[in-house]
Amino acid sequence: MFNIIKVNNEQQFNETGAGIIASLLQTNPRATLGLATGGTPVGVYKHLIELYKQGLVSFKDARSYNLDEYIGLPEDHSESYRRFMNEKLFNHVDIDPSNTHVPSGVSGDGHKAAAEYNLLLEKAGQIDLQLLGLGHNGHIGFNEPAEHLTAATHVVELDEVTRKANARYFNSIDEVPTHAITMGIGSILKAKQILLMAKGADKAEIVAKALKGPITTQCPASLLQLHPNVVVIVDQEAGGLL
Ligand code: PGA
């Protein structure tokens, strides 16, 4: 079930996304958040920091679990997702760092790290709100289009489409890691509520496919059609084909 919110500009996009996360924390301060990286949530996190500074929201008793992490980038690498989360959100709000979780991409054994993260997720219980961006190929987290998808946290080889999209953050595509650890589709679908966000004309086609197309592992986001509670925030451009 999709509840689609079409906003008119970047500010509304960020405020609407942040507002949903903030109102969850206001009604349930101990909420478990599933968080995402990428260009899409940056403004949402910025607005959440504003709400925190205004005293309207606190992360003091919240816990967070991120979707994914590159394999092979040290945690303090400028493009690691741990560093992204610290810099874009965690360092600026009152969340307890020990309550923030990102898969470890530096353990030397990705499969073991994935299994450990999966255990953490299972112990955490249900995620109250899972924030998701959407890849141009329909990936959510780093669950890339494939014949078979994996339910649990696992190691994934990144699509060329994904590496090209993310090359904008690196000096060259050769520096983009080839593998990552990602929460699986099963873990994502277990969340109580999902908040899918997409902006820009380049996302219009995949947004329409994910929300209205056939449910197929070739478009992992289409599996969200099976979830009972998905809020979708799109701008006019990304929602242009809906
Ligand atoms: P983006 O990435 O937010 O940078 O567009 C989304 C994604 O790949 O999941």
Side-chain angles (χ1 to χ4, degrees), residues 7 10 13-14 16-18 20-21 33-48 65-71 73 78-85 87-89 102-103 105 127 129-146 149-150 153-154 156-170 173 175-185 187-189 191 194-211 217-224 227 230-241:
V7 298
E10 179 96 21
F13 184 84
N14 296 331
T16 308
I20 289 172
I21 298 170
L33 304 172
L35 297 178
T37 53
T40 308
V42 171
V44 175
Y45 294 150
K46 225 179 194 170
H47 192 65
L48 274 174
Y65 293 84
N66 262 76
L67 283 168
D68 45 21
E69 177 63 285
Y70 289 119
I71 288 181
L73 296 188
S78 61
E79 299 311 324
S80 88
Y81 286 167
R82 164 48 81 180
R83 179 150 167 197
F84 176 106
M85 289 309 302
E87 290 186 349
K88 306 284 189 231
L89 182 65
V102 180
I127 286 177
L129 179 73
Q130 177 65 57
L131 177 60
L132 295 177
L134 177 64
H136 293 100
N137 60 359
H139 78 196
I140 45 178
F142 273 137
N143 292 280
E144 305 284 26
L149 295 177
T150 304
T153 311
H154 59 286
V156 66
E157 182 174 1
L158 298 178
D159 253 21
E160 275 313 290
V161 180
T162 300
R163 294 186 67 238
K164 268 189 201 142
N166 292 3
R168 67 190 193 274
Y169 300 117
F170 292 81
I173 190 164
E175 288 183 15
V176 183
T178 55
H179 290 76
I181 294 174
T182 184
M183 245 189 228
I185 287 287
S187 311
I188 293 172
L189 289 175
I194 289 177
L195 174 56
L196 176 70
M197 298 187 71
K199 60 182 172 183
D202 55 317
K203 295 279 174 79
E205 207 170 308
I206 196 65
V207 165
K209 259 193 198 160
L211 273 54
T217 60
Q218 297 299 338
C219 176
S222 68
L223 274 86
L224 297 174
H227 193 281
V230 183
V231 175
V232 183
I233 304 177
V234 285
D235 61 7
Q236 297 297 322
E237 291 75 21
L241 298 175

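Predicted, not measured: the structure shown is a model, and the values here were computed from it. For ligands, and for the atoms within them, numbers begin at 1 and follow the listed sequence.
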query = Which protein residues have a heavy atom closer than 4.0 Å to any atom of ligand 1, listed by chain and number?
reply = G38, G39, T40, G133, L134, G135, H139, R168, K203
query = Once the angle between the rings of F142 and Y70 is folded into 0 to 90°, is it parallel (under 30°), tilted (30 to 60°) or perpendicular (over 60°)?
reply = tilted
Pairing residues for K199 by the side chain to side chain donor-acceptor pair (under 3.5 Å) criterion, not counting sequence neighbours = E10
request  = Show your reasoning for whether side-chain contact (heavy atoms from CB on, under 4.5 Å) applies to I194 and I140.
outcome  = CA-CA 11 Å; I194 289 177; I140 45 178; over 6 Å; no
message = As an exercise, state the distance from CG of L131 to OG1 of T40, rounded to the nearest 0.5 Å.
response = 8.5 Å
query = Between E69 and A180, is there a donor-acceptor pair closer than 3.5 Å when you use the side chain of the first and the backbone of the second?
reply = no
key: For the student: nearest non-hydrogen atoms of E144 and T162, plus distance   = OE2-OG1, 2.7 Å
